[in-house]
Amino acid sequence: MRDLLAALTELRERLQEIPQADERRLPDLKTEILGRKAGALTKILAALPRLEPAAKKRIGAAANALKHDFEAAFATRERELKRAAAAAADVDLTMPGRARWSGGLHLVTQVVDEICEIFHELGFTRAVGPLIETERYNFYALNFPKDHPALDAQDSFYLGGDLLLRTHTSPVQIRTLERYPPPIRVVIPGQVYRRDPFDASHSPVFEQIEGLAVDAGISFIDFKATLAAFARKFFSADTRVRFRPSFFPFTEPSAEMDAQCQICKGAGCPTCKQTGWMEILGSGMVHPAVLENCGVDSERYTGFAWGMGPERIAMTRHGIPDIRLLFESDVRFLEQFAGGGGGATR
Amino acid sequence: VIVSRRWLEALLGRTLDPRETAEQLTMHVAAVDAVVPLHQDLGDIVIARVLEVKRHPNADRLTLCLVDAGGAGGAAGPVEVVCGAPNVQAGKLYPYAPVGALLPGGMRLERKQIRGVVSNGMLCSAKELGLGADHSGILELDTAAAPGTRFVDAVPVADHQIVIDVPASRPDLLCHKGVARELAAVLGGVVKLPETPGGQAARRSGGLIDRPPVRPTAGEGTVDGVQVRLEDPEGCPRYMAAVIRGVRVGPSPAWLADRLSAIGQRPINNVVDATNYILFELNQPLHAFDLAQLRGPAVVIRRAQPQEKIVTLDGVERTLTPDMTAICDAARPTIIAGVMGSAQSEVTASTTDLVLECAYFQPTRIRRTRRALELSSESSYRFERGLDLLGMPDALRRAIELIVAVAGGELRAPPLDLWPQPVQEKTIFLRPERVSHLLGVATERAELERLLTSVGFFVAPKDGRLAVQVPGWRPDVTREVDLIEEIARLKGYDAFPDELRPYRPGTVPDAPVEQAKARVRQQLVRAGLYEARTIPLGPPDGPDAVAIRNPMSAEEAHLRRRLIPGLVRRVEHNWANRNRDIRLFEVGTVFRTTQQAPEEWDSVAGVLTGARHPPHWSGGAKVPDMDIWDLKHHFELAVRVAAPSCTVQPATGGWEAVQPGGAVVGWSGPLEADAPVWAAPLFGFEVRLLVAAPEVARYRPLPTQPPLERDVALLLPAGVSAAAVSALLARTAGPLLARLDVFDEYRGSGVPVGHRSVAWHCTFRDPSRTLREREVDELLARALQALEDELGVRRREG
């Protein structure tokens with residue numbers, strides 16, 4: 001029995017060897033001590049049943065504790081060696097990861113969503129209308145006089161009769177006012193068509209976002225406040241805006257809203273033609289004739305409306321020189337604006 | 001419109017800073033597009049006096065001039081200049097460019113030897129200074145300025161063009177007086193027409209009295225032997241005419257030519273220039289025509305007769321219609337009213353007596369004529385927008401005075417004024433409380449009066465309201481709200497606060513179609529596709545394509561019926577740029593002609609070609625290309641989200657999306673395209689967007705019982721589809737068969753001819769208990785027996 005105890009003590013000494021063992025020595029050492037047949041500790045454990053109960057209890061406890069310590073030490077060392085082996089195995093962790101195809105929304109969709117989302121926070125829901133319109137909805141209900149030069153800026157594609165492709169999203173103002181009672185707060189994204197040749201700055205088809213708010217008591221202050229709030233959310237909180245006179249048959253007073261040029265911050269640069277300002281949208285208080293044309297009491301109700309071009313806003317913000325790039329659908333272009341990005345390991 | 005800073009200054013009697021002017025116009029009136037400095041490049045040129053002219057020792061055509069340039073160029077006294085101009089004379093003043101001066105065009109003048117003699121600078125011709133085409137001699141100056149004075153300070157050529165983007169509603173801004181009126185209102189000042197040089201003398205010699213008696217007359221009258229008859233008062237509500245006899249047509253005086261040059265107009269002759277001057281000063285188009293060419297002599301204003309012809313000033317023969325107004329002599333049309341005259345009636349060098357027309361033509365009539373003839377002019381542009389019907393007499397008087405001053409002649413009879421139905425200024429009532437209501441800010445009544453009066457409205461209080469008389473030059477102001485706009489812009493839009501206030505939520509729900517489109521886009525992006533936006537115009541892609549009546553080109557004369565053709569063109573564009581892996585989708589509107597009206601609806605389409613996934617170094621360079629099974633997955637995905645009520649069914653060359661009633665609303669399959677040899681196969685799908693509220697997902701309890709799994713390989717004879725086998729398996733095995741997945745297909749050795757082997761992985765589960773092996777085997781055996789009986793499908797052995 002003393003022999004066994006001495007053997008255990010001796011064996012415990014050998015724990016010291018484990019942290020020094022290399023990957024060749026370690027399995028041998030493990031076999032020498034814990035080997036199923038000839039392991040030194042295995043033999044001691046095998047001898048236990050032959051001992052008298054008191055010794056069995058004492059030595060058994062010591063042997064089992066030692067076995068636990070050996071197992072833990074071997075496991076630790078094995079992990080260490082495995083980690084070292086991996087490091088030594090020359091796995092180059094800068095090699096690229098395995099990718100999947102990613103897709104992306106078109107830049108114009110992203111800008112439309114961004115703009116509509118900001119107006120959504122200001123209480124505007126999304127409305128839509130048809131692309132094929134009648135002259136009444138596209139022009140006359142919007143207070144365009146017949147045979148007036150104001151029509152020149154709206155050169156239209158005709159489909160026969162008085163049907164045409166809408167030249168702006170404004171007819172949806174009429175459709176909304178005819179269908180829903182005030183209060184009205186809508187944004188109207190959609191495609192519009194003009195007989196413009198396709199060049200770097202014009203497209204016969206482009207996107208517009210219209211907006212309309214009509215209720216009792218809406219004034220010029222609410223109009224300015226809402227659109228200025230939009231500009232500050234879309235650009236940055238310190239963006240300055242200015243409103244200046246303009247003309248649209250369906251608004252009175254009419255205004256153009258400029259935002260401080262985002263490129264030069266107002267100092268003047270080629271993008272803003274040295275003015276320090278960028279045209280953002282055309283707008284104004286809803287003309288009473290428009291409300292009257294839709295059967296809305298223009299004495300009781302007032303409102304404001306605006307329209308803007310997400311393509312142009314996208315082009316200015318992202319430095320895109322030619323509107324045709326937005327329609328060419330070159331996958332290299334689409335990838336540039338797919339969002340996400342980054343993540344490459346160095 | 002282009003206005004000249006100096007011209008505005010003459011009307012306002014004050015100087016203007018061009019930048020400040022542009023800023024004020026933009027913020028209160030109309031946007032200024034550009035401010036263009038004129039002749040700023042003449043800053044180095046000075047006035048010089050030639051003291052002495054000698055012959056050049058080595059050249060017959062050159063002279064050697066002793067020039068006093070007042071010390072310009074750093075010379076202590078007079079300098080020697082070689083000159084080649086034949087008109088150089090001692091004692092006279094000329095523009096002089098000293099050595100080192102920057103000349104127009106950017107060249108710097110150097111001291112150089114000309115035929116052996118050093119020339120210290122250059123005496124300049126008009127052409128060398130960019131002031132005209134004259135290069136026959138140096139520019140002789142008539143000025144009191146001392147030698148050494150800067151040329152631009154002594155001679156009135158330095159100016160700024162201010163380019164204003166005038167809206168269609170503001171014809172009054174198309175002339176200098178109108179712009180000056182606005183500037184006077186925002187900057188302070190009074191507009192006064194300047195005395196024309198020679199105007200006073202003209203009034204004495206030309207037989208003019210200060211207020212000639214132009215009295216409204218009905219349709220007909222005679223002026224100085226010329227009969228004038230107004231037969232079309234609808235097309236021409238007011239027509240004034242004067243006869244001036246004894247003019248001498250020739251070049252305009254410099255001041256007049258300079259005024260026109262400064263706004264980019266080419267001077268023509270004194271009479272035409274005088275009428276153009278009035279056009280740009282007062283916005284009244286005038287027409288002077290040669291009395292000698294006038295048969296009758298008579299002027300008849302009437303509708304043109306059908307097929308009546310006229311050769312306009314630009315040499316083109318035009319055919320008129322009765323919708324147009326013509327100015328005729330006793331025999332035929334001489335002018336298309338308000339648009340353009342004929343070459344024959346124009347004032348020429350030999351003209352001595354002329355008829356001067358000052359008219360108001362009905363705007364829509366002019367617009368239709370201009371569009372029908374595709375012919376526009378400075379006059380038609382203005383008539384179309386509406387002129388000052390009440391300001392005509394003043395414009396005509398000033399025009400006569402100007403013509404007599406610059407071309408001589410006299411007025412023997414008062415001008416004639418044919419105005420069958422005279423009108424007066426409109427009066428509009430303005431409620432001050434309405435101004436506050438709309439603008440949100442109260443404005444003092446006195447302030448309202450002051451603002452409106454500042455731009456020419458006449459305001460009188462009446463019963464708590466303001467009676468506002470609208471001047472003739474503001475045809476755009478027709479109701480109260482127009483006056484409120486005037487108040488807002490004159491105060492300045494920036495003067496109003498912009499604080500957000502509470503609002504009531506609107507009654508309009510979010511459009512379901514927009515939400516549906518967003519869901520489709522999100523799903524297809526997640527599947528690895530890029531969104532494209534294509535032009536919906538193109539060649540007809542089917543017999544029921546909607547045609548555009550007035551297309552810009554034959555290639556873009558139709559609206560798309562489907563999205564796929566446009567996407568295929570985009571794929572070809574990508575191939576042309578050597579992009580091989582292309583996955584695009586579009587959500588857009590398509591159009592079809594129907595019996596009644598053209599229809600439109602939203603469609604979803606995608607195109608796929610190239611590698612199935614990005615290459616990775618671990619898998620080698622070659623990645624398999626997408627095939628019809630990639631297509632099928634994407635099509636099913638698109639149908640699930642865009643047309644959830646539909647099922648995907650096999651069809652010729654691909655698959656279709658079929659509605660419960662049997663209507664086909666979508667298709668997918670391989671596509672033909674103009675592909676380079678290295679391109680991968682191209683596939684496409686398209687499905688109509690059927691807007692439906694998305695189903696709310698319901699929770700199903702997660703299985704807690706372990707499954708039992710069986711793999712079965714089955715031999716399918718020709719004509720038996722996997723779908724039929726799956727359906728029968730599911731039916732016969734019943735609800736315990738929880739899942740059925742095809743995992744292999746095999747043809748070849750070991751499989752009987754005319755058969756194929758398809759393998760299914762079957763998952764059995766009972767949600768409430770653990771299944772026993774035996775009951776599953778029995779279930780499967782029953783199902784296999786049914787397959788054999790009904791479809792001739794047997795289990796593949798071994």
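Chain letters run A, B, ... following the sequence lines, proteins first, then strands; residues in each count from 1. Here the structure is a predicted model, which means the values were calculated and not measured. No hydrogens, no waters, no symmetry mates; every other heavy atom, side chains included, goes into these values.
Between R370(B) atom CZ and E384(B) atom CD the span is 4.0 Å, to the nearest 0.5 Å. Rounding to the nearest 0.5 Å gives a distance of 12.0 Å between CZ of F230(A) and OG1 of T226(A). If you take CZ on R232(A) and CG on L227(A), they are separated by 10.5 Å, rounding to the nearest 0.5 Å.
Proximity to chain B (any heavy atom under 4.5 Å) is restricted, for D215(A), to the side chain, taken from C-beta onward. The contact between R504(B) and chain A is made by backbone and side chain atoms together, counting heavy-atom distances below 4.5 Å. Proximity to chain A involves both the backbone and the side chain of A611(B), based on heavy atoms less than 4.5 angstrom apart. Both the backbone and the side chain of E335(A) come within less than 4.5 Å of a heavy atom in chain B. Residue contact with chain A, scored on non-hydrogen atoms closer than 4.5 Å, involves the side chain of T589(B) exclusively. Proximity to chain A (any heavy atom under 4.5 Å) is restricted, for R368(B), to the side chain, taken from C-beta onward. For H437(B), the parts lying near chain A are the backbone and the side chain together; criterion is any non-hydrogen pair under 4.5 Å. Of the atoms belonging to N579(B), it is side-chain heavy atoms, and not backbone ones, that fall under 4.5 Å from chain A. In this structure, no portion of D165(B) lies under 4.5 Å from any heavy atom of chain A. In this structure, the portion of R431(B) lying under 4.5 Å from any heavy atom of chain A is its side chain and not its backbone. Only the side chain of F591(B) comes within less than 4.5 Å of a heavy atom of chain A; its backbone N, CA, C and O stay farther away. Both the backbone and the side chain of E299(A) come within contact range of chain B, with heavy atoms under 4.5 Å apart. With a 4.5 angstrom heavy-atom cutoff, P497(B) touches chain A via backbone and side-chain atoms both. For chain B, the nearby part of V186(A) is the side chain; its heavy atoms alone come within less than 4.5 Å. Both the backbone and the side chain of A99(A) have a heavy atom closer than 4.5 Å to some heavy atom of chain B. For chain B, the nearby parts of S102(A) are the backbone and the side chain; heavy atoms of each come within less than 4.5 Å. Residue L326(A) touches chain B through its backbone alone, counting heavy-atom pairs closer than 4.5 Å. With a threshold of 4.5 angstrom between heavy atoms, E586(B) does not approach chain A through any atom at all. If you measure heavy-atom distances from I548(B) to chain A, the contacts under 4.5 Å come from both the backbone and the side chain. At a 4.5 Å heavy-atom cutoff, the contact between P509(B) and chain A is made by backbone and side-chain atoms alike. If you measure heavy-atom distances from R170(B) to chain A, you find no contacts under 4.5 Å at all.
Y193(A) and E133(A) share no side-chain donor-acceptor pair at under 3.5 Å.
Residue H148(A) qualifies as enclosed at atom NE2: its count of foreign heavy atoms under 6.0 Å is above 12.
Of the listed residues D113(A), D196(A), T176(A), the one with more heavy-atom pairs under 4.5 angstrom with chain B than any other is D196(A). When P96(A), P204(A), P145(A), P245(A) are compared by the number of non-hydrogen pairs under 4.5 Å with chain B, P245(A) comes out ahead. When P288(A), A229(A), A289(A) are compared by the number of non-hydrogen pairs under 4.5 Å with chain B, P288(A) comes out ahead. Contact tally against chain B (heavy-atom pairs below 4.5 Å) for R126(A), M285(A), K146(A): the top residue is R126(A). Per-residue counts of heavy-atom pairs under 4.5 Å with chain B were compared for T125(A), V128(A), L107(A), T275(A); the largest is that of T125(A). Ranked by heavy-atom pairs shorter than 4.5 Å toward chain B, the options S203(A), S254(A), G217(A) are led by S254(A).
Note that R583(B) lies in the cation-pi zone of W101(A), set by a 6.0 Å cut-off to the ring centre and a 45° limit from the axis.
Ring orientation note: the planes of F223(A) and F304(A) are tilted relative to one another, at an angle of 30° to 60°.
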Query - Derivation and outcome, side chain to side chain donor-acceptor pair (under 3.5 Å), residues T478(B) and D482(B) - result: CA-CA 7 Å; T478(B) 59; D482(B) 300 323; 3.3 Å; yes

Requested in this report: Check the pair T26(B), Q24(B) against side chain to side chain donor-acceptor pair (under 3.5 Å), reporting the backbone distance first and the verdict last.
Outcome: CA-CA 5 Å; T26(B) 295; Q24(B) 292 298 329; over 6 Å; no

Query raised in the report: Are E485(B) and V481(B) close enough, and set up right, to give a side chain to side chain contact (heavy atoms under 4.5 Å, CB included), and what steps lead you there?
Result: CA-CA 6 Å; E485(B) 177 177 65; V481(B) 69; over 6 Å; no

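Taking a cutoff of 4.0 Å between a charged side-chain nitrogen and a carboxylate oxygen, R501(B) and D222(A) qualify as a salt bridge.
Residue pairs meeting the salt bridge (charged side-chain N to carboxylate O under 4.0 Å, His left out) criterion with at least one partner in residues 243-252 of chain A, sequence neighbours excluded, are R244(A)-D258(A), R244(A)-E279(A).
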Which donor-acceptor pairs under 3.5 Å do side chains of residues 177-185 of chain A form with protein atoms, sequence neighbours excluded?
| unit_1 | atom_1 | unit_2 | atom_2 | d |
| --- | --- | --- | --- | --- |
| E178(A) | OE1 | Y137(A) | OH | 2.6 |
| E178(A) | OE2 | R136(A) | NH2 | 2.4 |
| R185(A) | NE | L122(A) | O | 3.3 |
| R185(A) | NH2 | L122(A) | O | 3.0 |

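Residues F496(B) and K224(A) share a closest heavy-atom pair of O-NZ, 2.6 Å.
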